[in-house]
J.: 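Below you will find the structure I want to go over with you.
Since this is a predicted model, take the numbers as computed values, not measurements. Here is the naming used below: chain letters follow the sequence lines, and residue numbers restart at 1 for every chain.
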2 protein chains.
Amino acid sequence: MSTTAHSHSPHESLVQRLADSGLRATPQREVVYNILLQKRDHPTADEVFARVKPELPGISLATVYNCLETLVQCDLVRAVNFERGPTRYCPNLKPHAHFHDERSGATYDVDLPEGLIDQLKSILPPGFHASAVEITFRGESKSLR
Amino acid sequence: MSTTAHSHSPHESLVQRLADSGLRATPQREVVYNILLQKRDHPTADEVFARVKPELPGISLATVYNCLETLVQCDLVRAVNFERGPTRYCPNLKPHAHFHDERSGATYDVDLPEGLIDQLKSILPPGFHASAVEITFRGESKSLR
DNA sequence: ATTTTAATTAGAATTATTCCAATTCCGACT
DNA sequence: AGTCGGAATTGGAATAATTCTAATTAAAAT
């Protein structure tokens, strides 16, 4: 038995997740996903396009949009919007917040303590049920990485 | 003495805040601001434009954008972006979260318990200093208002 | 092999926003 | 009251991001 119920190889999980949604693992989808994993700086669709091109010169921007949307649908990638401007994409599946450095424009992932999301959900008034919570910090960070 | 150091009339605070930034209180700015106060449903610039027109038929969309931007600069209004799509505007100055009802598309303000923002800021790693925190819930609400 | 369905592609279309140059409006100062 | 100068507004053009569409290609199923 070489296939376990929950493989943790990125490639496996991609193929698996796509299959779960009845979708195919095309070269375009695989490369787009790998690009996101390689440099987790929350690139825009345009930036993904530029990074994918060398590997797949024939790819079109429309396909990049399609692939990103597909990956978001499969819960492999999160679409991030915290300011007017292009959507950014993030392959971090763990619950996390985003820190947006207003000086550099960079965005960092911030791990959340266990239970925080539930604590936040508990402040909602009766009748409100959240399936997801997004937290964005804005400010300045000394880390120049 | 009829003018106190901190008047709470919306109109006063508008005039005051604009003056503080060296800006004038024009009819366009006043009407745009009042429209936001009247119906706090987080309208887009287009929606604000439509609501302002009856009162100020000659106003242009560019001016609505200008006024909204000005109000945001003066900290009278918050620009809200939590999904791809047009920026929405919110005249609620108190710290609050947003609840986005995925069924109706409506957005509700959610009051935050005292201290929560500070608690959240405390989870940031060393070197990160947040000036603002945004919290967005997504889900379904029973409230049909 | 053929048929069917899914995915990709290029380019057009749409949407949201910003830019720009030309007025108009106001306030300060004669 | 009249004029000067900066601020604000306006309409339209320009830009940016995304979505749509119709045609083509690729892959899976029969």
J.: The side chain of A/Ala62 is closest to which nucleotide in this list: D/dC20, C/dT8, D/dA8?
T.: D/dC20
J.: Strictly below 4.0 Å: does A/Thr87 bring a side-chain N or O up to OP1 or OP2 of D/dT18?
T.: yes
J.: Side chain of A/Arg24 only, heavy atoms from C-beta on: which candidate in D/dT9, D/dA8, C/dT5 is closest?
T.: C/dT5
J.: Please check the phosphate of C/dT17 (OP1 and OP2 only) for any side-chain N or O of B/Tyr65 closer than 4.0 Å.
T.: yes
J.: Closest to the B/Ser60 side chain: D/dC20, C/dT8, D/dG11?
T.: D/dG11
J.: Does one side chain, of B/Glu30 or B/Asn34, offer a donor that lies under 3.5 Å from an acceptor on the other?
T.: no
J.: Respond yes when some side-chain nitrogen or oxygen of B/Thr44 is under 4.0 Å from OP1 or OP2 of C/dA16, and no when none is.
T.: no
J.: Establish whether A/Phe82 and B/Leu120 are linked, either directly or via other cluster members, by ILVMFWY side-chain heavy-atom contacts under 4.5 Å.
T.: no
J.: How long is the straight-line distance from CD1 of B/Ile135 back to CZ of B/Phe99, given to the nearest 0.5 Å?
T.: 14.0 Å
J.: Please check the phosphate of D/dA26 (OP1 and OP2 only) for any side-chain N or O of A/Gln28 closer than 4.0 Å.
T.: no
J.: Closer than 4.0 Å, any side-chain N/O of B/Thr26 to the OP1 or OP2 of D/dT9?
T.: yes
J.: Picking from C/dA7, D/dA8, C/dT9, which would you name as closest to the side chain of B/Leu23?
T.: D/dA8
J.: Select one nucleotide: of C/dT8, D/dA8, D/dT18, the one nearest the side-chain heavy atoms of B/Arg29.
T.: D/dA8
J.: From the list C/dT17, D/dT19, C/dT8, which nucleotide is the closest neighbour of the side chain of B/Arg84?
T.: D/dT19
J.: DNA chain C: B/Arg88 or B/Asn66, which has the more 5' nearest nucleotide?
T.: B/Arg88
